[in-house]
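Both ligands and their constituent atoms are indexed starting at 1 by order of listing. Given the structure is predicted, the values throughout are model-derived calculations rather than measurements. Start at 1 with the first residue, then count along the sequence.
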Amino acid sequence: MSAPEPVRIGILGRGTVGGAFLELLTARAGAVEAVTGRRPEVAGVLRRSEGSFEEILGGAEIVVELIGGTDPARDYVLRALRERKHVVTANKQLIAQHGDELFETARDAGVQLRFEAAVAGVIPVIRVIQESLSAAELTRVSGIVNGTTNYILSEMAGTGASYADALSRAQELGYAEADPSDDVGGADAAAKMAILARLAFHAPVRLEDVAFEGIEAIQPDDLAYAKQFGLSLKLLGIAERHESEISVRVFPCFLYRGHPLSPVEGPFNAVMVESPSITEITMSGPGAGGTETAAAVLGDVVSIVAGEAPVHAPRERLEVTRDLDSAFYLHLEVADRPGVLAQVAERLGNNEVSVRSVVQWGMGDDARLVMVMHECAERRFYAALDEIGGLDFLRAEPRAIRVIEEEFV
Ligand SMILES: NC(=O)c1ccc[n+]([C@@H]2O[C@H](COP(=O)([O-])OP(=O)(O)OC[C@H]3O[C@@H](n4cnc5c(N)ncnc54)[C@H](OP(=O)(O)O)[C@@H]3O)[C@@H](O)[C@H]2O)c1
């Protein structure tokens with residue numbers, strides 16, 4: 001009996017991830033053969049200065065896209081799928097922005113499109129949501145899906161550093177890019193949450209459906225005050241299903257100690273998946289890095305060669321809602337005089353917002369009033385905030401940050 005044909009892999013991009021993937025593929029070729037029965041071979045590598053896409057397309061069975069961005073990655077991936085090549089990509093923007101078109105093309109061609117490395121690096125969240133939990137009726141997926149911002153927030157909380165200093169440190173250590181705007185502004189996490197929501201709820205969630213905020217306005221003293229309430233700050237992505245509606249959001253928010261995502265510090269990622277049938281599962285680990293991402297890409301290649309077929313067709317039409325409930329932390333700099341707290345409480349009460357804890361610090365003629373609210377309709381809280389913003393004893397703009405009230409004890 002003749003040996004099985006090798007599996008020929010074309011690699012688009014040889015940068016941080018592409019280079020690491022090429023090394024890993026060579027080093028682990030024997031292991032891939034042992035698992036799948038077929039030895040991997042490189043059919044060609046494309047970069048700006050090297051290789052030909054047409055030649056790779058002609059000679060490859062699997063195309064691995066590690067260029068990034070949407071142009072020319074989208075065109076290459078569509079052409080590969082139409083030529084009935086399986087595709088593996090680490091490109092979150094491509095999947096978040098063009099998922100419908102790409103999945104439909106893959107389905108029509110009868111080939112696989114895998115993208116485990118696009119969200120949370122080597123943590124196998126896509127596989128778990130898409131395959132292991134495909135019948136679990138997920139109600140919520142929440143996560144720390146951006147390591148840069150988690151590093152910056154951990155640094156600010158741990159050392160009292162300002163946002164700008166913590167960002168510089170992240171850049172020195174290679175955790176933040178020279179232009180960090182997509183990370184710190186929440187756009188990177190939004191793309192990842194669009195992908196997770198699509199898979200979790202079997203719905204065609206688009207990037208425009210995700211509301212997002214970043215961490216640029218966070219002040220170190222908010223982190224210090226909140227510590228006294230047992231709170232730690234994360235840039236959180238939350239995708240929730242409420243019957244026939246879903247919401248997908250990214251925002252900085254406080255978590256109580258005991259929340260499964262609260263201990264995740266530094267440039268790490270973690271994703272928590274909830275459903276009545278599984279209660280809660282949390283997966284955590286390194287979210288980025290060339291070697292880690294390459295390992296996730298190779299895992300997808302192995303799955304394809306081993307013949308595992310994922311289901312990624314969106315099946316349900318769900319409405320996106322932004323009318324949600326949340327708890328809030330509120331920081332007010334006020335004149336230190338009698339009646340201030342009563343007036344703030346009155347504005348909150350008028351809008352049916354109830355206070356869970358409050359601490360006041362005197363600072364000469366001024367005072368800091370730091371409060372944590374119970375969960376309420378967000379629009380009620382913002383109406384109260386508008387009223388509070390007009391009070392004459394305020395010394396600075398009020399600062400509000402969401403709080404996840406559940407304590408998971
Ligand atoms: N870096 C990470 O830690 C990480 C983590 C998770 C996911 N990802 C994703 O992985 C993908 C690759 O990221 P990366 O960090 O490896 O990027 P990178 O270091 O910038 O490498 C990009 C590669 O693509 C090639 N390329 C760019 N434009 C091209 C074009 N028009 N035609 C042909 N080749 C082109 C570049 O060619 P030259 O070599 O000629 O410049 C380079 O080899 C992205 O989708 C990224 O979001 C990265």
Side-chain angles (χ1 to χ4, degrees), residues 9-25 42-57 60 63-80 87-99 102 113-127 143-151 170-171 173-183 185-196 207 237 266-271 285-301:
I9 298 165
I11 305 170
L12 312 182
R14 192 181 182 172
T16 308
V17 182
F21 176 71
L22 200 55
E23 267 181 37
L24 195 65
L25 187 65
V42 176
V45 176
L46 180 73
R47 57 201 300 196
R48 274 180 282 231
S49 52
E50 173 192 355
S52 144
F53 177 68
E54 279 68 28
E55 270 176 34
I56 289 175
L57 199 57
V63 172
V64 173
E65 185 278 306
L66 300 170
I67 293 176
T70 55
D71 182 29
R74 170 178 162 267
D75 180 52
Y76 286 157
V77 168
L78 282 171
R79 284 167 66 192
V87 172
V88 176
T89 179
N91 191 332
K92 66 207 153 245
Q93 291 300 345
L94 186 67
I95 300 294
Q97 292 183 39
H98 300 287
L102 297 171
L113 170 62
R114 283 191 176 255
F115 47 93
E116 182 66 69
V119 182
V122 73
I123 312 169
V125 291
I126 304 285
R127 194 176 303 264
I144 296 165
V145 290
N146 182 277
T148 306
T149 45
N150 205 51
Y151 172 82
Q171 284 167 323
L173 292 171
Y175 297 145
E177 293 178 20
D179 175 3
S181 36
D182 270 5
D183 290 321
D188 172 87
K192 293 165 177 169
M193 290 311 299
I195 296 173
L196 292 181
L207 192 51
F268 280 83
N269 281 194
V271 174
T291 315
E292 292 83 353
T293 310
V297 172
L298 187 57
D300 277 349
V301 168

Run the numbers on Glu54 and Arg79 for salt bridge (Lys or Arg N to Asp or Glu O under 4.0 Å), then give the verdict. CA-CA 10 Å; Glu54 279 68 28; Arg79 284 167 66 192; 2.6 Å; yes

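- Each of the following atoms of ligand 1 lies closer than 4.0 Å to a heavy atom of Gly289: 3 (O).
- Taking every non-hydrogen atom of Leu66 and a distance limit under 4.0 Å, the qualifying atoms of ligand 1 come out as 12 (C), 22 (C), 23 (C), 24 (O).
- Heavy-atom proximity to Ser49, at under 4.0 Å, picks out these atoms of ligand 1: 40 (O).
- Using a 4.5 Å heavy-atom cutoff, the side chains of Phe21 and Ile9 are in contact.
- If you check which protein heavy atom lies closest to atom 22 (C) of ligand 1, you get Ile67 O, 3.6 Å.
- Close contacts between ligand 1 and Lys92 involve ligand atoms 47 (O) [criterion: under 4.0 Å to a heavy atom].
- Protein non-hydrogen atoms do not reach within 4.0 Å of atom 20 (O) of ligand 1.
- Taking any N or O of Ala288, backbone or side chain, none lies under 3.5 Å from an N or O belonging to ligand 1.
- Taking each of Gly19, Gly68, Gly69, Ala90 in turn, the one with a heavy atom nearest to atom 7 (C) of ligand 1 proves to be Ala90.
- Side-chain atoms of Asn269 do not come within 3.5 Å of backbone N or O of Pro286 as any donor-acceptor pair.
- Taking any N or O of Val17, backbone or side chain, at least one lies under 3.5 Å from an N or O belonging to ligand 1.
- Glu177 CD: 12 or fewer foreign heavy atoms inside a 6.0 Å radius.
- Residue contacts with ligand 1 for Pro72 involve side-chain atoms from C-beta outward but no N, CA, C or O (heavy atoms, distance under 4.0 Å).
- Among the atoms of Arg48, some N or O lies under 3.5 angstrom from an N or O of ligand 1.
- Between Thr291 and Val17 there is no side-chain heavy-atom pair separated by less than 4.5 Å.
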Anything under 3.5 Å between a donor and an acceptor, one on a side chain of residues 294-301, the other on a protein residue two or more places apart or in another chain? List them.
| unit_1 | atom_1 | unit_2 | atom_2 | d |
| --- | --- | --- | --- | --- |
| Asp300 | OD1 | Arg127 | NH2 | 3.3 |
| Asp300 | OD2 | Phe115 | N | 3.3 |
| Asp300 | OD2 | Glu116 | N | 2.9 |

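- Of all the heavy atoms in Ala120 and Val125, the pair that sits closest is CB-CG2, 4.0 Å.
- Residues satisfying the side-chain contact (heavy atoms from CB on, under 4.5 Å) test with Ala43, not counting sequence neighbours, are Arg8, Ala60.
- For atom 5 (C) of ligand 1, the closest non-hydrogen atom on the protein side is Thr293 OG1, 3.1 Å.
- Near Arg14, with a cut-off below 4.0 Å to any heavy atom, the atoms of ligand 1 are 23 (C), 42 (C), 43 (O).
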